[in-house]
Amino acid sequence: MKKINIEGVNETLFHETLSNGLNIYLLPNKQVKNYYITFTTKFGSLDTEFKKNNEVSYTKVPNGIAHFLEHLTFKMEDGDASDYFPTIGCQANAYTSYKITSYEVFGYKNFKEALDYQLTYVQTPFYNEKNVSAEKGIICEEVKMRMDMPAVTLSNITNNALFKNDNRKYLITGKTTDVKSTTLKDILACYNTFYHPSNMILVITGNFNPEEALAIIEENQSKKDFSKPIDIKRKKISEPKEIVKNEAIEECNVEIDKASVALKIPKSIFKSLNLREEELSIYISMIINSMFGRSSEIREKLVSGNIVTDGPYVSKYFTDEHLIITITAETPYKERFIRLIKEEIKNIDISETDLIRKKRVSISNFILSFDDIEETNRIIVDDIILFGDYIYDVYDIYNSLNIETAKKVAKKLITDNITVAVITKKEK
(Lines give C-alpha, C1' and ligand atoms only; values in the text may rest on other atoms or scores of the structure.)
Protein backbone atom coordinates (compact mmCIF):
# COMPACT_ATOMS: atom_id res chain seq x y z
CA MET A 1 0.00 0.00 0.00
CA LYS A 2 1.08 3.54 -0.69
CA LYS A 3 1.47 5.66 2.43
CA ILE A 4 0.44 9.32 2.16
CA ASN A 5 1.66 11.57 4.95
CA ILE A 6 -0.95 14.26 5.57
CA GLU A 7 0.95 17.49 6.05
CA GLY A 8 0.43 19.49 9.24
CA VAL A 9 -0.98 16.58 11.24
CA ASN A 10 0.45 13.32 12.48
CA GLU A 11 -1.77 11.20 10.23
CA THR A 12 -1.10 8.64 7.50
CA LEU A 13 -3.52 7.77 4.72
CA PHE A 14 -3.09 4.39 3.02
CA HIS A 15 -4.00 4.04 -0.65
CA GLU A 16 -4.29 0.95 -2.83
CA THR A 17 -5.74 0.33 -6.29
CA LEU A 18 -6.75 -3.26 -6.96
CA SER A 19 -6.32 -4.99 -10.32
CA ASN A 20 -10.07 -4.62 -10.93
CA GLY A 21 -9.69 -0.84 -10.63
CA LEU A 22 -11.18 -0.38 -7.14
CA ASN A 23 -9.60 2.60 -5.34
CA ILE A 24 -9.18 2.07 -1.59
CA TYR A 25 -8.36 4.77 0.98
CA LEU A 26 -7.71 3.78 4.60
CA LEU A 27 -7.25 6.27 7.45
CA PRO A 28 -6.93 4.53 10.85
CA ASN A 29 -7.63 6.39 14.09
CA LYS A 30 -6.85 4.50 17.31
CA GLN A 31 -8.24 7.35 19.45
CA VAL A 32 -11.82 6.33 18.68
CA LYS A 33 -13.68 3.07 19.25
CA ASN A 34 -15.79 2.99 16.10
CA TYR A 35 -15.26 2.72 12.35
CA TYR A 36 -16.98 4.20 9.31
CA ILE A 37 -17.01 2.60 5.86
CA THR A 38 -18.25 4.22 2.65
CA PHE A 39 -18.48 2.39 -0.66
CA THR A 40 -19.13 5.03 -3.30
CA THR A 41 -19.84 4.96 -7.00
CA LYS A 42 -19.23 8.00 -9.18
CA PHE A 43 -22.85 7.93 -10.29
CA GLY A 44 -25.33 10.60 -9.32
CA SER A 45 -28.45 12.31 -10.56
CA LEU A 46 -26.52 14.25 -13.22
CA ASP A 47 -25.59 11.05 -15.07
CA THR A 48 -28.56 10.41 -17.34
CA GLU A 49 -26.78 10.21 -20.73
CA PHE A 50 -23.66 8.08 -21.06
CA LYS A 51 -21.80 5.53 -23.11
CA LYS A 52 -19.01 3.12 -22.27
CA ASN A 53 -15.90 1.82 -23.97
CA ASN A 54 -16.34 2.05 -27.76
CA GLU A 55 -20.11 2.48 -27.91
CA VAL A 56 -21.19 4.90 -30.64
CA SER A 57 -24.45 6.24 -29.22
CA TYR A 58 -25.35 7.50 -25.77
CA THR A 59 -27.75 5.65 -23.47
CA LYS A 60 -30.50 7.92 -22.11
CA VAL A 61 -32.17 7.00 -18.81
CA PRO A 62 -34.87 8.73 -16.72
CA ASN A 63 -34.04 11.39 -14.15
CA GLY A 64 -33.72 10.04 -10.62
CA ILE A 65 -32.42 6.64 -11.70
CA ALA A 66 -29.29 6.81 -9.51
CA HIS A 67 -31.56 7.21 -6.48
CA PHE A 68 -33.81 4.39 -7.73
CA LEU A 69 -30.77 2.12 -8.05
CA GLU A 70 -29.67 3.05 -4.52
CA HIS A 71 -32.99 1.67 -3.21
CA LEU A 72 -32.79 -1.52 -5.25
CA THR A 73 -29.18 -2.32 -4.36
CA PHE A 74 -30.21 -3.26 -0.81
CA LYS A 75 -32.40 -6.02 -2.22
CA MET A 76 -30.93 -9.50 -1.82
CA GLU A 77 -32.29 -12.89 -2.78
CA ASP A 78 -32.75 -13.75 0.90
CA GLY A 79 -34.10 -10.38 2.05
CA ASP A 80 -32.91 -6.81 2.56
CA ALA A 81 -29.23 -6.12 3.19
CA SER A 82 -30.04 -3.38 5.71
CA ASP A 83 -31.61 -6.01 8.00
CA TYR A 84 -28.28 -7.83 8.40
CA PHE A 85 -26.17 -5.03 9.85
CA PRO A 86 -28.10 -4.56 13.14
CA THR A 87 -27.57 -8.26 13.85
CA ILE A 88 -23.81 -7.60 14.05
CA GLY A 89 -24.15 -4.30 15.92
CA CYS A 90 -23.83 -1.94 12.93
CA GLN A 91 -25.89 0.69 11.17
CA ALA A 92 -26.18 0.92 7.38
CA ASN A 93 -27.51 3.64 5.13
CA ALA A 94 -27.05 5.17 1.69
CA TYR A 95 -27.57 8.46 -0.11
CA THR A 96 -27.51 9.86 -3.62
CA SER A 97 -26.28 13.31 -4.63
CA TYR A 98 -25.67 15.04 -7.95
CA LYS A 99 -22.40 13.17 -8.54
CA ILE A 100 -22.30 10.08 -6.33
CA THR A 101 -24.22 7.28 -4.70
CA SER A 102 -22.65 6.21 -1.42
CA TYR A 103 -23.33 3.17 0.77
CA GLU A 104 -22.23 3.57 4.39
CA VAL A 105 -21.73 1.38 7.45
CA PHE A 106 -21.06 2.64 10.96
CA GLY A 107 -20.06 0.26 13.74
CA TYR A 108 -18.08 -0.54 16.90
CA LYS A 109 -17.47 -4.26 16.44
CA ASN A 110 -17.47 -7.08 13.88
CA PHE A 111 -15.41 -5.04 11.44
CA LYS A 112 -14.58 -7.99 9.20
CA GLU A 113 -18.20 -9.09 8.87
CA ALA A 114 -19.41 -5.54 8.23
CA LEU A 115 -16.81 -4.78 5.55
CA ASP A 116 -17.19 -8.12 3.81
CA TYR A 117 -20.97 -7.89 3.68
CA GLN A 118 -20.98 -4.28 2.52
CA LEU A 119 -18.82 -5.21 -0.47
CA THR A 120 -20.94 -8.30 -1.08
CA TYR A 121 -24.40 -6.76 -1.16
CA VAL A 122 -23.42 -3.74 -3.27
CA GLN A 123 -21.68 -6.02 -5.77
CA THR A 124 -24.47 -8.64 -5.87
CA PRO A 125 -27.15 -7.25 -8.16
CA PHE A 126 -30.57 -8.73 -7.52
CA TYR A 127 -32.76 -6.78 -9.90
CA ASN A 128 -35.91 -8.15 -11.50
CA GLU A 129 -39.23 -6.88 -12.82
CA LYS A 130 -40.96 -7.63 -9.51
CA ASN A 131 -38.46 -5.62 -7.43
CA VAL A 132 -38.48 -2.68 -9.84
CA SER A 133 -42.27 -2.57 -9.91
CA ALA A 134 -42.63 -2.88 -6.13
CA GLU A 135 -40.06 -0.16 -5.41
CA LYS A 136 -41.77 2.40 -7.67
CA GLY A 137 -44.58 2.94 -5.19
CA ILE A 138 -42.16 3.42 -2.29
CA ILE A 139 -40.00 5.89 -4.20
CA CYS A 140 -43.01 7.84 -5.52
CA GLU A 141 -44.15 8.36 -1.93
CA GLU A 142 -40.67 9.56 -1.00
CA VAL A 143 -40.70 11.99 -3.94
CA LYS A 144 -44.06 13.43 -2.86
CA MET A 145 -42.81 13.78 0.72
CA ARG A 146 -39.64 15.55 -0.40
CA MET A 147 -41.57 17.95 -2.61
CA ASP A 148 -43.47 19.07 0.50
CA MET A 149 -40.20 19.96 2.25
CA PRO A 150 -39.53 23.74 2.15
CA ALA A 151 -35.75 23.30 1.84
CA VAL A 152 -36.15 21.00 -1.16
CA THR A 153 -38.67 23.33 -2.80
CA LEU A 154 -36.43 26.37 -2.32
CA SER A 155 -33.40 24.54 -3.70
CA ASN A 156 -35.40 23.30 -6.68
CA ILE A 157 -36.84 26.66 -7.72
CA THR A 158 -33.42 28.27 -7.21
CA ASN A 159 -31.80 25.74 -9.55
CA ASN A 160 -34.55 26.17 -12.12
CA ALA A 161 -33.93 29.91 -12.09
CA LEU A 162 -30.16 29.39 -12.43
CA PHE A 163 -29.85 26.61 -15.00
CA LYS A 164 -31.19 26.28 -18.51
CA ASN A 165 -29.65 22.92 -19.45
CA ASP A 166 -27.74 21.59 -16.42
CA ASN A 167 -29.38 18.53 -14.83
CA ARG A 168 -29.26 20.23 -11.43
CA LYS A 169 -32.56 21.81 -12.39
CA TYR A 170 -34.13 18.38 -11.83
CA LEU A 171 -34.80 16.73 -8.46
CA ILE A 172 -32.20 14.17 -7.38
CA THR A 173 -35.06 11.71 -6.93
CA GLY A 174 -36.66 12.66 -10.24
CA LYS A 175 -40.41 13.29 -10.46
CA THR A 176 -42.99 10.57 -9.97
CA THR A 177 -43.36 10.38 -13.77
CA ASP A 178 -39.62 9.64 -14.03
CA VAL A 179 -39.88 6.92 -11.40
CA LYS A 180 -42.87 5.30 -13.09
CA SER A 181 -41.13 5.29 -16.49
CA THR A 182 -37.96 3.57 -15.18
CA THR A 183 -37.49 0.03 -16.51
CA LEU A 184 -35.41 -2.97 -15.50
CA LYS A 185 -33.39 -2.41 -18.68
CA ASP A 186 -32.56 1.13 -17.50
CA ILE A 187 -31.51 -0.17 -14.08
CA LEU A 188 -29.21 -2.85 -15.52
CA ALA A 189 -27.64 -0.41 -17.99
CA CYS A 190 -26.71 1.91 -15.12
CA TYR A 191 -25.51 -0.81 -12.76
CA ASN A 192 -23.34 -2.49 -15.40
CA THR A 193 -21.78 0.85 -16.29
CA PHE A 194 -21.34 2.74 -13.04
CA TYR A 195 -21.01 -0.04 -10.44
CA HIS A 196 -17.84 -1.47 -11.92
CA PRO A 197 -15.02 -1.38 -9.29
CA SER A 198 -12.99 0.95 -11.52
CA ASN A 199 -15.70 3.61 -11.04
CA MET A 200 -15.91 3.13 -7.27
CA ILE A 201 -14.14 4.31 -4.12
CA LEU A 202 -13.89 2.47 -0.81
CA VAL A 203 -12.98 4.70 2.14
CA ILE A 204 -12.56 3.48 5.72
CA THR A 205 -11.89 5.74 8.70
CA GLY A 206 -11.76 5.03 12.43
CA ASN A 207 -10.49 2.21 14.59
CA PHE A 208 -9.33 -0.66 12.38
CA ASN A 209 -6.13 -2.27 11.15
CA PRO A 210 -5.34 -1.15 7.56
CA GLU A 211 -3.42 -4.33 6.71
CA GLU A 212 -6.31 -6.49 7.89
CA ALA A 213 -8.79 -4.28 6.02
CA LEU A 214 -6.89 -4.67 2.76
CA ALA A 215 -6.70 -8.45 3.29
CA ILE A 216 -10.48 -8.63 3.80
CA ILE A 217 -11.08 -6.53 0.68
CA GLU A 218 -8.68 -8.51 -1.50
CA GLU A 219 -10.15 -11.82 -0.38
CA ASN A 220 -13.68 -10.59 -1.06
CA GLN A 221 -12.85 -9.20 -4.50
CA SER A 222 -10.85 -12.29 -5.55
CA LYS A 223 -14.06 -14.36 -5.40
CA LYS A 224 -15.79 -12.20 -8.03
CA ASP A 225 -15.39 -11.89 -11.77
CA PHE A 226 -15.38 -8.42 -13.26
CA SER A 227 -14.92 -7.20 -16.80
CA LYS A 228 -11.95 -5.02 -17.63
CA PRO A 229 -12.10 -1.45 -16.23
CA ILE A 230 -14.74 0.54 -18.06
CA ASP A 231 -14.16 3.80 -19.92
CA ILE A 232 -17.27 5.88 -19.18
CA LYS A 233 -18.17 8.95 -21.21
CA ARG A 234 -20.86 11.21 -19.81
CA LYS A 235 -22.62 13.41 -22.35
CA LYS A 236 -21.40 16.97 -21.91
CA ILE A 237 -24.21 19.46 -21.42
CA SER A 238 -23.30 23.04 -22.23
CA GLU A 239 -24.74 25.58 -19.83
CA PRO A 240 -24.96 29.28 -20.81
CA LYS A 241 -23.45 31.85 -18.48
CA GLU A 242 -26.75 33.71 -18.14
CA ILE A 243 -29.35 32.86 -15.51
CA VAL A 244 -32.78 31.68 -16.67
CA LYS A 245 -34.77 34.26 -14.70
CA ASN A 246 -34.17 36.95 -12.10
CA GLU A 247 -36.82 35.83 -9.66
CA ALA A 248 -38.76 32.72 -8.71
CA ILE A 249 -41.58 32.62 -6.15
CA GLU A 250 -43.60 29.62 -5.04
CA GLU A 251 -46.17 29.03 -2.33
CA CYS A 252 -45.25 26.34 0.16
CA ASN A 253 -46.13 24.92 3.55
CA VAL A 254 -44.21 27.49 5.61
CA GLU A 255 -45.12 29.92 8.38
CA ILE A 256 -42.24 32.29 7.62
CA ASP A 257 -40.90 33.01 4.15
CA LYS A 258 -37.58 31.53 3.06
CA ALA A 259 -35.41 33.28 0.48
CA SER A 260 -32.20 32.62 -1.39
CA VAL A 261 -29.95 34.90 -3.40
CA ALA A 262 -27.80 32.93 -5.85
CA LEU A 263 -24.81 33.97 -7.98
CA LYS A 264 -23.83 32.22 -11.20
CA ILE A 265 -20.21 32.94 -12.16
CA PRO A 266 -18.32 31.39 -15.11
CA LYS A 267 -15.26 29.45 -13.91
CA SER A 268 -13.33 30.71 -16.92
CA ILE A 269 -12.90 34.16 -15.34
CA PHE A 270 -10.57 32.66 -12.72
CA LYS A 271 -8.10 31.18 -15.24
CA SER A 272 -5.86 34.24 -15.25
CA LEU A 273 -5.16 33.74 -11.54
CA ASN A 274 -3.27 30.49 -12.27
CA LEU A 275 -4.52 28.79 -9.10
CA ARG A 276 -4.97 25.09 -8.47
CA GLU A 277 -8.67 24.31 -8.31
CA GLU A 278 -8.42 23.36 -4.64
CA GLU A 279 -6.63 26.65 -3.87
CA LEU A 280 -9.32 28.64 -5.63
CA SER A 281 -12.01 26.74 -3.73
CA ILE A 282 -10.39 27.57 -0.37
CA TYR A 283 -9.98 31.26 -1.25
CA ILE A 284 -13.64 31.50 -2.27
CA SER A 285 -14.83 29.74 0.89
CA MET A 286 -12.87 32.15 3.08
CA ILE A 287 -14.10 35.23 1.22
CA ILE A 288 -17.80 34.34 1.23
CA ASN A 289 -17.67 33.18 4.86
CA SER A 290 -16.00 36.45 5.78
CA MET A 291 -18.74 38.38 3.95
CA PHE A 292 -21.82 36.35 4.92
CA GLY A 293 -20.78 33.84 7.61
CA ARG A 294 -21.40 33.64 11.33
CA SER A 295 -19.07 36.49 12.32
CA SER A 296 -19.88 38.79 9.39
CA GLU A 297 -21.22 42.32 9.72
CA ILE A 298 -24.19 41.62 7.46
CA ARG A 299 -25.24 38.66 9.60
CA GLU A 300 -25.11 40.81 12.73
CA LYS A 301 -27.20 43.45 11.00
CA LEU A 302 -29.79 40.95 9.79
CA VAL A 303 -30.06 39.13 13.12
CA SER A 304 -30.04 42.16 15.41
CA GLY A 305 -32.55 43.90 13.15
CA ASN A 306 -34.89 40.88 13.25
CA ILE A 307 -34.71 40.67 9.46
CA VAL A 308 -33.97 36.94 9.65
CA THR A 309 -35.21 34.30 12.05
CA ASP A 310 -32.81 31.63 10.79
CA GLY A 311 -29.58 32.19 8.88
CA PRO A 312 -28.19 33.57 6.75
CA TYR A 313 -26.40 30.48 5.45
CA VAL A 314 -23.84 30.67 2.66
CA SER A 315 -22.79 27.80 0.42
CA LYS A 316 -20.87 27.29 -2.79
CA TYR A 317 -20.25 24.58 -5.34
CA PHE A 318 -18.70 24.19 -8.77
CA THR A 319 -20.35 22.77 -11.85
CA ASP A 320 -18.26 21.92 -14.92
CA GLU A 321 -18.56 25.51 -16.14
CA HIS A 322 -19.74 27.67 -13.26
CA LEU A 323 -19.32 28.65 -9.63
CA ILE A 324 -22.61 28.88 -7.75
CA ILE A 325 -22.84 30.84 -4.49
CA THR A 326 -26.09 30.86 -2.51
CA ILE A 327 -27.09 32.93 0.54
CA THR A 328 -30.24 31.59 2.21
CA ALA A 329 -32.35 32.64 5.20
CA GLU A 330 -35.74 32.39 6.83
CA THR A 331 -37.10 35.93 6.85
CA PRO A 332 -40.33 37.76 7.66
CA TYR A 333 -38.96 40.70 5.63
CA LYS A 334 -37.86 39.14 2.38
CA GLU A 335 -37.62 42.38 0.37
CA ARG A 336 -35.20 43.94 2.85
CA PHE A 337 -33.18 40.74 3.21
CA ILE A 338 -32.78 40.48 -0.56
CA ARG A 339 -31.89 44.15 -0.93
CA LEU A 340 -29.24 44.05 1.80
CA ILE A 341 -27.65 40.88 0.41
CA LYS A 342 -27.55 42.33 -3.12
CA GLU A 343 -25.87 45.48 -1.79
CA GLU A 344 -23.29 43.34 -0.03
CA ILE A 345 -22.59 41.39 -3.23
CA LYS A 346 -21.63 44.64 -4.96
CA ASN A 347 -18.88 45.11 -2.38
CA ILE A 348 -17.41 41.64 -1.94
CA ASP A 349 -13.96 41.95 -0.43
CA ILE A 350 -11.79 40.60 2.38
CA SER A 351 -9.38 42.40 4.68
CA GLU A 352 -5.99 41.09 5.69
CA THR A 353 -7.23 40.85 9.28
CA ASP A 354 -10.18 38.72 8.20
CA LEU A 355 -7.97 36.51 6.02
CA ILE A 356 -5.55 35.87 8.88
CA ARG A 357 -8.42 35.05 11.22
CA LYS A 358 -10.06 32.73 8.69
CA LYS A 359 -6.73 30.99 8.06
CA ARG A 360 -6.28 30.32 11.77
CA VAL A 361 -9.83 29.02 12.15
CA SER A 362 -9.51 26.86 9.02
CA ILE A 363 -6.23 25.32 10.15
CA SER A 364 -7.70 24.61 13.58
CA ASN A 365 -10.82 23.05 12.03
CA PHE A 366 -8.65 21.02 9.67
CA ILE A 367 -6.66 19.55 12.56
CA LEU A 368 -9.77 18.90 14.66
CA SER A 369 -11.59 17.26 11.74
CA PHE A 370 -9.43 14.15 12.16
CA ASP A 371 -11.23 13.48 15.46
CA ASP A 372 -14.48 13.09 13.50
CA ILE A 373 -14.21 9.92 11.41
CA GLU A 374 -17.39 10.66 9.44
CA GLU A 375 -16.22 14.16 8.51
CA THR A 376 -12.78 12.88 7.54
CA ASN A 377 -14.33 10.17 5.39
CA ARG A 378 -16.56 12.75 3.67
CA ILE A 379 -13.58 15.04 2.97
CA ILE A 380 -11.63 12.19 1.36
CA VAL A 381 -14.57 11.28 -0.90
CA ASP A 382 -15.29 14.92 -1.76
CA ASP A 383 -11.67 15.61 -2.68
CA ILE A 384 -11.56 12.59 -4.99
CA ILE A 385 -14.82 13.56 -6.70
CA LEU A 386 -14.02 17.28 -6.98
CA PHE A 387 -10.27 17.24 -7.58
CA GLY A 388 -9.46 13.71 -8.72
CA ASP A 389 -7.52 12.71 -5.59
CA TYR A 390 -7.18 13.40 -1.89
CA ILE A 391 -5.61 16.80 -1.21
CA TYR A 392 -2.93 15.88 1.31
CA ASP A 393 -1.31 19.35 1.40
CA VAL A 394 -4.31 21.39 2.58
CA TYR A 395 -2.30 22.56 5.59
CA ASP A 396 0.33 24.07 3.30
CA ILE A 397 -2.34 25.63 1.08
CA TYR A 398 -3.84 27.41 4.09
CA ASN A 399 -0.44 28.74 5.12
CA SER A 400 0.31 29.96 1.60
CA LEU A 401 -2.84 32.08 1.28
CA ASN A 402 -2.08 35.77 0.81
CA ILE A 403 -4.15 38.94 0.79
CA GLU A 404 -3.10 40.03 -2.71
CA THR A 405 -4.49 36.88 -4.32
CA ALA A 406 -7.53 36.89 -2.04
CA LYS A 407 -8.48 40.38 -3.20
CA LYS A 408 -8.07 39.38 -6.86
CA VAL A 409 -10.40 36.43 -6.29
CA ALA A 410 -12.90 38.63 -4.42
CA LYS A 411 -13.13 41.10 -7.32
CA LYS A 412 -14.11 38.30 -9.68
CA LEU A 413 -16.98 37.30 -7.38
CA ILE A 414 -18.76 40.62 -7.90
CA THR A 415 -21.48 39.97 -10.46
CA ASP A 416 -24.92 41.07 -11.68
CA ASN A 417 -25.72 37.51 -12.71
CA ILE A 418 -28.00 36.95 -9.71
CA THR A 419 -31.29 35.18 -9.19
CA VAL A 420 -33.64 35.40 -6.23
CA ALA A 421 -35.91 32.57 -5.09
CA VAL A 422 -38.62 32.80 -2.44
CA ILE A 423 -41.03 30.30 -0.93
CA THR A 424 -43.93 31.96 0.81
CA LYS A 425 -46.88 30.89 2.91
CA LYS A 426 -49.85 29.48 1.00
CA GLU A 427 -52.82 31.76 0.94
CA LYS A 428 -55.98 30.20 2.37
Side-chain angles (χ1 to χ4, degrees), residues 1-4 12-28 35-44 52-53 66 69-70 72-82 84-85 87-88 90 92-96 100-107 109-127 187-232 373 377 380-381 383-385 388-390:
M1 281 188 291
K2 178 183 177 182
K3 292 184 179 181
I4 302 170
T12 301
L13 177 67
F14 297 85
H15 176 229
E16 183 69 68
T17 304
L18 300 187
S19 58
N20 62 20
L22 178 62
N23 264 295
I24 303 163
Y25 291 83
L26 310 172
L27 184 62
Y35 57 83
Y36 182 56
I37 309 168
T38 58
F39 195 19
T40 303
T41 172
K42 300 172 189 176
F43 176 46
K52 59 184 180 180
N53 298 329
L69 191 48
E70 172 209 316
L72 286 179
T73 299
F74 281 94
K75 304 296 181 185
M76 301 289 282
E77 191 170 4
D78 57 352
D80 194 293
S82 60
Y84 169 76
F85 289 100
T87 68
I88 59 170
C90 299
N93 208 340
Y95 65 89
T96 303
I100 65 171
T101 306
S102 190
Y103 300 87
E104 52 189 2
V105 174
F106 184 91
K109 56 183 179 179
N110 296 318
F111 174 77
K112 178 180 180 179
E113 292 80 2
L115 175 56
D116 186 70
Y117 193 72
Q118 185 183 27
L119 289 166
T120 297
Y121 89 81
V122 174
Q123 293 181 328
T124 306
F126 182 65
Y127 311 131
I187 294 293
L188 292 174
C190 291
Y191 184 88
N192 291 332
T193 299
F194 294 104
Y195 279 68
H196 190 280
S198 60
N199 192 56
M200 301 190 75
I201 312 159
L202 181 66
V203 180
I204 309 176
T205 50
N207 195 330
F208 68 98
N209 184 309
E211 289 294 341
E212 181 188 20
L214 183 58
I216 295 167
I217 298 163
E218 288 179 332
E219 182 178 351
N220 178 285
Q221 297 296 279
S222 68
K223 298 174 183 177
K224 302 168 185 175
D225 292 323
F226 298 101
S227 64
K228 292 181 180 179
I230 295 174
D231 177 25
I232 303 171
I373 64 171
N377 197 303
I380 294 170
V381 174
D383 278 0
I384 295 166
I385 299 301
D389 205 349
Y390 177 67

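Remember, predicted model here, so these are calculated numbers, not experimental data. Heavy atoms only: backbone and side chains are in, while hydrogens, waters and symmetry mates are out.
Taken from OH in Y95 to CD1 in I100, the straight-line distance is 4.0 Å, to the nearest 0.5 Å. Summarising the geometry, atom OG belonging to S222 is positioned 12.0 Å from atom CD1 belonging to I217; distances are rounded to the nearest 0.5 Å. To the nearest 0.5 Å, the span separating CD on Q123 from CD on Q118 amounts to 10.0 Å. Rounded to the nearest 0.5 angstrom, E219 CD and D116 CG are separated by 7.5 Å. Taken to the nearest 0.5 Å, the CE atom of M200 stands 10.5 Å off from the NZ atom of K42. In this structure, K3 NZ and F14 CZ are separated by 5.0 Å, a value rounded to the nearest 0.5 Å.
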Subject >> Derivation and outcome, side chain to side chain donor-acceptor pair (under 3.5 Å), residues E104 and Y36 >> reply: CA-CA 7 Å; E104 52 189 2; Y36 182 56; 2.3 Å; yes
**OP:** Under the side-chain contact (heavy atoms from CB on, under 4.5 Å) rule, what do I37 and F39 come out as? Steps first, then yes or no, please.
**Re:** CA-CA 7 Å; I37 309 168; F39 195 19; 5.6 Å; no
Subject >> side-chain contact (heavy atoms from CB on, under 4.5 Å) between T38 and I380, worked out >> reply: CA-CA 10 Å; T38 58; I380 294 170; over 6 Å; no
**OP:** Assess whether side-chain contact (heavy atoms from CB on, under 4.5 Å) is satisfied between L202 and L115, documenting all intermediate values.
**Re:** CA-CA 10 Å; L202 181 66; L115 175 56; 4.2 Å; yes
Original post:
Between D389 and Y25, is a side chain to side chain donor-acceptor pair (under 3.5 Å) present by the stated rule, with each step listed?
Top reply: CA-CA 10 Å; D389 205 349; Y25 291 83; 3.0 Å; yes
Original post:
So I88 and Y117, side-chain contact (heavy atoms from CB on, under 4.5 Å) or not? Walk me through it.
Top reply: CA-CA 11 Å; I88 59 170; Y117 193 72; 5.9 Å; no
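Considering all non-hydrogen atoms of both residues, N20 and P229 come closest at O-CG, 4.2 Å. Listed here is the closest heavy atom pair of Y35 and A114: OH-CB, 3.4 Å. In terms of heavy atoms, L27 sits closest to T12 at CD1-O, 3.2 Å. Closest non-hydrogen pair, M1 versus L26, comes out as SD-CD1, 3.7 Å. In this structure, H15 and I4 approach most closely via the heavy-atom pair CB-CD1, 4.1 Å. G206 and I373 get closest at one heavy-atom pair: CA-CG2, 3.6 Å.
Residues S19 and Q221 are not in side-chain contact: their nearest non-hydrogen atoms beyond the backbone lie 4.5 Å or more apart. Inter-residue side-chain proximity for T40 and V203 is flagged as unmet; no heavy-atom pair is nearer than 4.5 Å. T73 is listed as a side-chain neighbour of Y195, based on a closest heavy-atom distance under 4.5 Å. The shortest distance between side-chain heavy atoms of K75 and D80 falls below 4.5 Å. For the pair N199/I230, no side-chain contact is recorded, criterion being any heavy-atom separation below 4.5 Å from C-beta on.
F111 and F208 have their aromatic ring centers within a separation under 6.0 angstrom. The distance between the ring centers of Y127 and Y191 falls below 6.0 angstrom.
Below 30°, between 30° and 60°, or above 60°: for F226 and H196 the angle between ring planes is above 60°, a perpendicular geometry.
No donor-acceptor distance shorter than 3.5 angstrom exists from the side chain of N23 to the backbone of I201, with no hydrogens or angles considered. In terms of modelled atom types and a separation under 3.5 Å, the side chain of T41 and the main chain of F194 share a donor-acceptor contact. Remark: the backbone N or O of E113 is not paired with any side-chain donor or acceptor of N110 at under 3.5 angstrom.
The environment of NZ in K112 is sparse: at most 12 heavy-atom neighbours from other residues, nucleotides or ligands sit within 6.0 Å. Within 6.0 Å of NZ in K109 there are 12 or fewer heavy atoms belonging to other residues, nucleotides or ligands.
Listed by chain and residue number, Y103, Y121 satisfy the ring pair (Phe, Tyr, Trp, His ring centres under 6.0 Å) test with F74 (two or more places apart in sequence, or in another chain).
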